[in-house]
Amino acid sequence: MSEGRARERADAARNRRAILDATRSLLAEHGAEGVTMDRVAAAAGVGKGTIFHRFGSRAGLLQELIAEPALALKEAVASGPPPLGPGAPAADRLVAFFAAMTDIVLDNAELVAAYSAVPPHPDRAQFHRFWVDHITGLLREARPDVDAETVATLLFGMLGGEAVAGMVRAGLADRVRAGVRDLVSSVARAG
């Protein structure tokens, strides 16, 4: 019986991965409006009921997709190699963090657009608090002369605005990356 359960868990994990990968591909190919549960099921090679059983709803599926890179980044910040993880100077860690966060936002622009139309992930507040606390701590170390919590909140908020989404839609993602890098670097290293 335990062998059957192990196989079931492997099948469930494989289906979960197929569903998430299919959804990402469909978002990239068709945009947020073109992603339906029927299309996801067909692309993943599973029944629509499997998606609803695993994720509960389209919102649950999008919440899972948005959480995946956030959790990976959280792990990298907490215990990954420098400069993103511990062991690098605070200013270098800030620049590395914002480079990674900018990549997540820009590489998932259609997901972010789709996600904005559903209820937020249940752990959204915890994720955001973690990021702002992380940025605040690094700013306190790198720039003790600034109001670290306010500056951290402002810096973090810049990636979620319509201006960034508009620039991505206009094909200016590389300029956004460079602009974020320049802005964060100037804040982290000024003084």
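Because the structure is a prediction, the values reported are computed rather than measured. Along the sequence shown, residues are numbered consecutively beginning with 1.
Checked by atom type and distance alone, the side chain of Arg16 never pairs as donor or acceptor with a backbone atom of Arg54 at under 3.5 Å. In this structure a side-chain-to-backbone donor-acceptor pair under 3.5 Å is present from Arg93 to Gly85.
The side-chain heavy atoms of Asp147 and Leu139, taken from C-beta on, include no pair separated by under 4.5 Å.
The distance from atom CZ of Arg24 to atom CG of Asp21, rounded to the nearest 0.5 Å, is 8.0 Å. The CZ atom of Arg14 sits 10.0 Å away from atom CD1 of Ile19, with the distance rounded to the nearest 0.5 Å. Separation of atoms CG (Leu27) and CG (Leu62) is listed at 6.5 Å; rounding is to 0.5 Å.
Between Arg181 and Ser185, the side chains place no donor N or O within less than 3.5 Å of an acceptor N or O (distance only, hydrogens not considered).
Pairing each heavy atom of Arg177 with each of Asp107, the nearest pair is NH2-OD1, 2.7 Å. What you find for Ala32 and Arg58 is that their closest heavy atoms are O-NH2, 2.9 Å. Closest of all the heavy-atom pairs between Pro86 and Gly80 is CD-O, 3.6 Å. Closest approach of Pro122 and Gln63 over heavy atoms only: CD-OE1, 3.9 Å. Between Ala41 and Gly47, the closest heavy-atom pair is CB-C, 4.0 Å. Between Phe130 and Lys74, the closest heavy-atom pair is CE2-CG, 3.4 Å.
Residues Leu73 and Leu111 do not share a hydrophobic cluster, defined by chaining ILVMFWY side chains whose heavy atoms lie under 4.5 Å apart. If you chain together hydrophobic residues whose side chains sit under 4.5 Å apart, Met101 and Leu71 fall into the same group. Transitive grouping of hydrophobic side chains (ILVMFWY, heavy atoms separated by less than 4.5 Å) brings Leu106 and Val95 into a common cluster. A continuous path of ILVMFWY side-chain contacts below 4.5 Å connects Ile135 to Ile104, so both sit in one hydrophobic cluster.
Between Phe97 and His134, the ring planes lie perpendicular to each other; the angle is over 60°, past the 30° to 60° tilted range.
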| Chi angles and distances behind the side chain to side chain contact (heavy atoms under 4.5 Å, CB included) call for Leu65, Phe55 | CA-CA 10 Å; Leu65 276 173; Phe55 300 101; over 6 Å; no
| query | Should Ile66 and Arg124 be marked as a side chain to side chain contact (heavy atoms under 4.5 Å, CB included) after you check the CA-CA gap, both sets of side-chain angles, and the distance that decides it? | reply | CA-CA 10 Å; Ile66 209 83; Arg124 180 180 186 259; over 6 Å; no
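Within a 6.0 Å sphere centred on NE2 of His30, heavy atoms belonging to other residues, nucleotides or ligands number more than 12. Atom CZ of Arg175 has 12 or fewer heavy atoms from other residues, nucleotides or ligands within 6.0 Å.
One finds no salt bridge joining Glu29 and Arg39 here, because no Lys/Arg side-chain nitrogen approaches an Asp/Glu carboxylate oxygen to under 4.0 Å. Look at Arg189 and Asp92 and you find a salt bridge, because one of the NZ, NE, NH1 or NH2 atoms lies within 4.0 Å of a carboxylate O, short of that distance.
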Only distances under 3.5 Å count here; give the side-chain donor-acceptor pairs of residues 152-169 to other protein atoms, sequence neighbours excluded, each with its distance to 0.1 Å.
| unit_1 | atom_1 | unit_2 | atom_2 | d |
| --- | --- | --- | --- | --- |
| Thr153 | OG1 | Glu149 | O | 2.9 |
| Glu162 | OE2 | Arg169 | NH2 | 2.2 |

